[in-house]
Novice: 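Mind looking over this structure? Questions follow.
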Amino acid sequence: MQKVRLKWVKNRGLDHIIARTTSIRASCLLLDHLARLPSSSPVPARSLARLQKPLGLTVPVLRFLRRHPTLFAETLHPRFPTLPSFSLTPASDILLGRLARASALDSHLRLARLLLLTRSKSLPLASVLPLRFDLGLPYNFAAAFPVAHPDLFAVSNNHISLSTTASGLPKGIAISSLQRRHAEAIEGATYRALSRPPSSSIAPLAFPMRFPRGYGGMKRVKAWMDEFHRLPYISPYDDASGIDPESDIYEKRNIGLLHELLGLMVHKMVRRNAIRLLREELGLPHKFTRLFTRYPGVFYLSLKCKTTTVVLREGYERGKLVEQHPLAAVRDKVFYVMRTGVLFRGKGLSKLVLDEDGDEEVVMDGDEEFHGEGMDEDADVECFGMDIVDNEDNTDDEDNERDIYD
């Protein structure tokens, strides 16, 4: 199969979504950290200053906390009144409860699907922890899931794996999103749709393509994609050990696997370093970044927020998630509370109304609008689970620009 080399094109809309999600990630991580501290007294900002590097913030933690007074209330320390200290606001307590309830809906099934994608049906906890925010896992999933679902998970030697019987797996869990969409399309398909030849770019099991402006109409790109879609589709949940890793079929299998992996994420995006930790178990090539740049109609590779993030293009439409998970909806509410603090500062809590149904309304005075000033768009945060740790290999991102074109 002859491949076409396409130039990387920046997408400002998706970059803005990445920056917004990064800010939400930072706030959710700090909320979770403060809520799990044993003491109920205000936390000195000095003790949180050490988290700036693990959080990846480009501003001091104290400045970030003061920027969002609707989430983090600055109070006097009981022993040292001049020491800046912070505690959670009533709005933060409400949001933490909603985040916990939304995370408990199907996070265990997302983790089970991730384990099914691996060769050994097992992963080190150190490889799963960087995906905790993306998969919507609770902070204590390693201890809670084997107890709540003993027929599904087992933890041993710092590895989490599917149980040997795996009797708790729902029927049809090992079916990819592309296969489910195809099955649903067949049920309501017309005779004309079913009669299309397999060589058509809109044939069944074809990956949805959303090329940057100008690329989709190029004849050589169309010919390449038609040839790509003619190749047989290998489910990412099937054993691919018998396929030549250098073949075009294996490359399409890798595209399907990455497509399914990104589809498991709450925000349909994940950081490249997190995928790097899963590379061997997923059977991906060493230079797997080329897969993202080679198929820009499926993936978008971004350098926003001083890291490399991969976004599933079909997951977003007009700046919003096509299929919004309840957890993503609650995280949007976290952003709205953050925005209110940026707009109204100390008066933000009086402007914010959190009703019993979970809907918020931000009351605007006059013609004030929010344009994103003051939001930390360069915050680069990893959500690692029990503690905030700094184990991301930042050296991998020093040559991001070169890797995109490799």
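Hydrogens, waters and symmetry mates are skipped; everything else that's a heavy atom, side chains included, is used.
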Novice: S47 side chain to V43 main-chain N or O, any donor-acceptor pair under 3.5 Å?
Specialist: no
Novice: Would a distance-only check, ignoring hydrogens and angles, find a side-chain to backbone donor-acceptor pair under 3.5 Å from N11 to L14?
Specialist: yes
Novice: S302 and D15: side-chain donor and acceptor closer than 3.5 Å?
Specialist: yes
Novice: Let me confirm one number: the NE2-CD distance from H286 to E280, rounded to the nearest 0.5 Å.
Specialist: 10.0 Å
Novice: Go through the steps for H229 and M209 under the test side-chain contact (heavy atoms from CB on, under 4.5 Å), then give the verdict.
Specialist: CA-CA 11 Å; H229 285 138; M209 295 286 180; 3.8 Å; yes
Novice: Please determine whether side-chain contact (heavy atoms from CB on, under 4.5 Å) holds for the pair L116 and K121, giving the CA-CA distance in whole Å, both sets of side-chain angles, and the decisive distance to 0.1 Å.
Specialist: CA-CA 5 Å; L116 284 172; K121 306 299 182 288; 4.1 Å; yes
Novice: With a 4.5 Å cut-off on side-chain heavy atoms, are P170 and L109 touching?
Specialist: yes
Novice: Is the shortest heavy-atom distance from the side chain of I17 to the side chain of M269 under 4.5 Å?
Specialist: yes
Novice: Between R25 and D134, is the side-chain contact (heavy atoms from CB on, under 4.5 Å) condition met? List the steps.
Specialist: CA-CA 9 Å; R25 182 195 296 261; D134 302 298; 3.1 Å; yes
Novice: Using a strict threshold of under 4.0 Å (side-chain N to carboxylate O), is an ion pair present between R20 and D332?
Specialist: yes
Novice: Do R113 and Y237 have side chains that approach each other closer than 4.5 Å (heavy atoms only, starting at C-beta)?
Specialist: yes
Novice: Do any N or O atoms from the side chain of D239 and from the backbone of S241 form a donor-acceptor pair under 3.5 angstrom?
Specialist: yes
Novice: To the nearest 0.5 angstrom, please state how far the CG atom of L327 sits from the CZ atom of R331.
Specialist: 4.0 Å
Novice: Are side-chain heavy atoms of F292 and L258 found at a separation under 4.5 Å?
Specialist: yes
Novice: Return the NE2 to CZ distance between H68 and R339, rounded to the nearest 0.5 Å.
Specialist: 12.5 Å
Novice: How are the rings of F72 and F64 set to each other: parallel, tilted or perpendicular (split at 30° and 60°)?
Specialist: tilted
Novice: Could you check whether any side-chain heavy atom of Y316 comes within less than 4.5 Å of a side-chain heavy atom of L321, counting everything from C-beta outward?
Specialist: yes
Novice: Hey, are the side chains of T21 and F133 touching, using non-hydrogen atoms and a 4.5 Å cut-off?
Specialist: yes
Novice: Going by the side chain to side chain contact (heavy atoms under 4.5 Å, CB included) test, name the single residue among I94, L34, L71 that passes it with L88.
Specialist: L34
Novice: For the backbone of N157 and the side chain of H159, can you confirm whether one donor and one acceptor N or O come within less than 3.5 Å of each other?
Specialist: yes
Novice: Go through the steps to decide whether K287 and R290 satisfy the test side-chain contact (heavy atoms from CB on, under 4.5 Å), and finish with yes or no.
Specialist: CA-CA 6 Å; K287 296 185 177 180; R290 294 180 178 182; 3.5 Å; yes
Novice: Hey, could you give me the CG/OG distance between D151 and S163, rounded to the nearest 0.5 Å?
Specialist: 7.0 Å
Novice: Just checking, any donor-acceptor pair under 3.5 angstrom between side chains of Y233 and Q179?
Specialist: no
Novice: Taking only residues two or more places apart in sequence, or in another chain, which ones meet E281 in a salt bridge (charged side-chain N to carboxylate O under 4.0 Å, His left out)?
Specialist: none
Novice: Could you go through R36 and D32, starting from their C-alpha distance and side-chain angles, then the distance that decides it, and tell me whether this counts as salt bridge (Lys or Arg N to Asp or Glu O under 4.0 Å)?
Specialist: CA-CA 6 Å; R36 291 188 287 109; D32 184 67; 2.9 Å; yes
Novice: For the NE2 atom of H259 and the CG atom of L291, what is their distance to the nearest 0.5 Å?
Specialist: 14.0 Å
Novice: Name all pairs fulfilling the salt bridge (Lys or Arg N to Asp or Glu O under 4.0 Å) condition that reach into residues 317-326, sequence neighbours left out, sorted by first residue then second.
Specialist: R210-E317
Novice: If you define the side chain from C-beta out and look only at heavy atoms, does anything of F211 sit under 4.5 Å from M225?
Specialist: yes
Novice: Could you pull out the closest heavy-atom pair between L117 and L257, with the gap in Å?
Specialist: O-CD1, 4.4 Å
Novice: So does V337 get a backbone contact from the side chain of T70, meaning a donor-acceptor N/O pair under 3.5 Å?
Specialist: yes
Novice: Using modelled atom types and a 3.5 Å cut-off, is there a donor and acceptor pairing between side-chain atoms of W8 and backbone atoms of Y300?
Specialist: no
Novice: Just wondering, more than 12 heavy atoms not from R119 lying within 6.0 Å of its CZ?
Specialist: yes
Novice: So does F299 get a backbone contact from the side chain of R313, meaning a donor-acceptor N/O pair under 3.5 Å?
Specialist: yes
Novice: Do the side chains of L131 and R271 get nearer than 4.5 Å, heavy atoms only?
Specialist: no
Novice: Are F153 and H108 close enough that their ring centres sit under 6.0 Å apart?
Specialist: no
Novice: Would the distance check show the side chain of R132 and the main-chain N or O of L137 forming a donor-acceptor pair, the cut-off being under 3.5 Å?
Specialist: yes
Novice: Restricting to non-hydrogen atoms, name the atom on R110 and the atom on V266 that form the minimum distance, rounded to 0.1 Å.
Specialist: NH1-N, 4.1 Å
Novice: Is it true that a side-chain atom of S27 and a backbone atom of I24 form a donor plus acceptor pair closer than 3.5 Å?
Specialist: no
Novice: Of all the heavy-atom pairs spanning P232 and K252, show the shortest one and how long it is.
Specialist: O-CD, 3.8 Å
Novice: Among S177, S235, S176, find the residue that satisfies the side chain to side chain donor-acceptor pair (under 3.5 Å) test when tested with E260.
Specialist: S177
Novice: How close do L125 and F141 get, counting heavy atoms only, and between which atoms?
Specialist: CD2-CE1, 4.2 Å
Novice: Provide the closest heavy-atom pair for I160 versus L115 in the form atom of the first, atom of the second, distance.
Specialist: O-CD2, 3.7 Å
Novice: Looking at every heavy atom in both R253 and G283, which two are closest together, and how far apart are they?
Specialist: NH1-O, 3.7 Å
Novice: Measuring from atom OG of S127 to atom CD1 of I275, what distance do you get when rounded to the nearest 0.5 angstrom?
Specialist: 12.5 Å
Novice: Got a list of side-chain donor-acceptor pairs under 3.5 Å for residues 77-85, not counting sequence neighbours?
Specialist:
{"residue": "H77", "atom": "ND1", "partner": "R79", "partner atom": "N", "Å": "3.1"}
{"residue": "H77", "atom": "ND1", "partner": "F80", "partner atom": "N", "Å": "3.2"}
{"residue": "S85", "atom": "OG", "partner": "L83", "partner atom": "O", "Å": "3.2"}

Novice: Is it true that Y295 and W224 have ring centroids separated by less than 6.0 Å?
Specialist: yes
Novice: Is the side chain of T307 donor-acceptor paired with the backbone N or O of L303 at a distance under 3.5 Å, no angle test?
Specialist: no
